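What follows is a set of notes on a single structure, which appears directly below.
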2 protein chains.
Amino acid sequence: MTTSPSVTAPDHAAANSATPSSMEAIATCMAREILAGDVGPGDSFPRELDLCQRFDASRNRLRNALAQLVSAGLLERTAGRGTVVRTMSEWQLLDPLMSHWISGLQGINPDLMREIYAFRLSVEPYVSALAAMKANAQDLARLERAFEGMVKTANDTTRDAHAEYDVAFHEAIYHATHNLVWTQLGSLLRPSISQLIQSTQQAAQQHDHSHHRASLDRHRAVMEAIRLRQPDMARTCAERVLETAARDLGFGQDHPRLASPSY
Amino acid sequence: MTTSPSVTAPDHAAANSATPSSMEAIATCMAREILAGDVGPGDSFPRELDLCQRFDASRNRLRNALAQLVSAGLLERTAGRGTVVRTMSEWQLLDPLMSHWISGLQGINPDLMREIYAFRLSVEPYVSALAAMKANAQDLARLERAFEGMVKTANDTTRDAHAEYDVAFHEAIYHATHNLVWTQLGSLLRPSISQLIQSTQQAAQQHDHSHHRASLDRHRAVMEAIRLRQPDMARTCAERVLETAARDLGFGQDHPRLASPSY
DNA sequence: GCTTGTTCAAATGTCAGACATTTATTATTG
DNA sequence: CAATAATAAATGTCTGACATTTGAACAAGC
């Protein structure tokens, strides 16, 4: 296919809205169509003027939006030739824009999801161990606050608030390393963590409530290990949290023993 | 200070060049002045028209360049107020643009350098262990090719080529994890690795040639551990490579035992 | 005196049209 | 048939104008 109908056709209501979409909204819309796999790598992207017509935007706004996609490695543009979609291995997964676009995207490319999850599976136990070595009182307070929130919202019918606290818990672990890069990595992983949690909750709907209790216990174990400054135990407990989530999603068999390289 | 003279004054020769600077060149120039600390966080940045005059560029090109700095979190712009420099903790260190700007920058902000180096110090032993679990024949070939290059260029008077191979060696380790995110993280760390190597070489100028021989041996040990699929040994050997570099730079005392959280 | 509302200047954001440059295709000519 | 020149189509860039937002100065009213 040379041009994708899902990008060319103005099938989204937002395109014909009275208030013109902001530049970021246009960028997000186009980015998500690529991330979802609606347009395959190597396909040619519509021309600027066509996109202008579709989004009812001036060429200027549209070019700014396209520039964001280029900066994230989703598109490649060359004068005279046009715009093409790059392959997934060239997507800059660590670009902050990317994390923003992935957040809340439902039909994400499964291969991409697997890559990100495999990364998190390998990195989070290690970060937990680092946190156990570096956390101070303030970090522990933040961690505890997130955990208390998880406990309080454990039985909510709509488990939206619970997911929020769950994400905050994981983010607090990255923050406790007291290193800028690790902290920012945690923020970038945030959407994938959030999505993982939602998927896990859907998968666990059919289980009884003991499932949630067990999940809480595993999180508590990580927090306690960090509090007691026991890196090894923090690593093990974090592995257990992730393994359970992996089982719920059916991811487990693809990455055996990847999380414990140290023994 | 409200406006920094180093940004306002056209003291760079490139500004008055006959051929107008490309958009990326302008962005790089401005970004490096921020990264080097010439303009402190919170300071107001010159207006668009002043910058147009300084770089002899149209407002369009300049706005595109500024957009890159905004996307990397270096600047914050709001209509009506102007442009201000953000604090270091808001800089998106994992943005690919950032790694491009840092590459080759001499007078980098020491605090920033320390953060990045501390991250690498904690992450690279772990990545080496992962590589020992996942590397295949092709990865080993790439690793070996880089190492051979290091050996061949060990006695070059200008150790430029040697640094190239050294960077390739480290990048090959990240690549061997067979995970997109780890691989891209390795690419992002590339400039800091390159810079670290150059600094190390300068610091080691005064030492005898046995210094270089020892460095080669430590790298070889990492490669052999990966080849033999011994994650634990790979981790230990990688720690040794980094510790030596840290000692040469005087970084060692700031991050005691950060690299070995598992025991 | 203090608050409130208005006006104004300054900065960034946006638009529209024209032109420049690069690239691929097609026609031409030896 | 091959090499070259003309052409069309796409992105890149410039220019000038206008829109929108912000902060401050200032005046009116309690």
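Since the model is a prediction, treat every value here as computed from it, not as a measurement. Naming: A, B, ... by sequence-line order, numbering from 1 per chain.
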- Round to the nearest Å and state the distance from A:Ile26 atom CD1 to C:dT14 atom C1'. 12 Å
- Task: Return the value, rounded to whole Å, for the distance between atom CG of B:Asn64 and atom P of D:dT13.
- Result: 7 Å
- Kindly indicate whether the side chain of B:Arg59 and the base of C:dG13 share any N or O donor-acceptor pair separated by less than 3.5 Å? yes
- Item | side-chain N/O B:Arg77 vs C:dG13 OP1/OP2, d < 4.0 Å | yes
- Task: Look at the side-chain N and O atoms of A:Thr83 and state whether any lies under 4.0 Å from the OP1 or OP2 oxygen of D:dA10.
- Result: no
- Message: Could you check whether A:Tyr174 and A:Gln184, counting side-chain N and O atoms only, form a donor-acceptor pair closer than 3.5 Å?
- Response: no
- Message: Is a donor from one side chain sitting under 3.5 angstrom from an acceptor on the other, for B:Asp166 and B:His162?
- Response: no
- Message: Which residue is it: A:Arg77, A:Glu76, A:Glu48, A:Arg47? I am looking for the one with a side chain to side chain donor-acceptor pair (under 3.5 Å) to A:Thr83.
- Response: A:Arg77
- Item | Rounded distance (Å) that lies between atom C1' of D:dC18 and atom CD of B:Glu48 | 15 Å
- Message: Can you tell me if B:His178 has over 12 outside heavy atoms packed within less than 6.0 Å of its NE2?
- Response: yes
- Item | Separation of atom CG in A:Asn60 from atom C1' in C:dT12, rounded to whole Å | 13 Å
- Rounded to the Å, how far apart are A:Met23 CE and C:dC15 C1'? 15 Å
- To the nearest Å, how far apart are A:Glu76 CD and C:dT22 C1'? 14 Å
- Quickly work out the A:Phe55 CZ to C:dT14 C1' distance and round it to whole Å. 18 Å
- Report the C-alpha distance between B:Glu171 and B:Arg145 in whole Å, list the side-chain angles of each, state the deciding distance to 0.1 Å, and finish with yes or no for salt bridge (charged side-chain N to carboxylate O under 4.0 Å, His left out). CA-CA 12 Å; B:Glu171 219 162 355; B:Arg145 212 175 316 131; over 6 Å; no
- Item | Heavy-atom donor-acceptor pair, B:Arg63 side-chain to D:dT15 base, under 3.5 Å | no
- Item | Euclidean distance, atom CG of residue A:Leu49 to atom C1' of C:dC15 [Å, nearest integer] | 14 Å
- Counting just side-chain N and O atoms, does A:Arg61 come under 4.0 Å of either OP1 or OP2 of C:dC15? yes
- Query: At under 4.0 Å, does any side-chain N or O of B:Arg81 touch on OP1 or OP2 of D:dG23?
  - Reply: yes
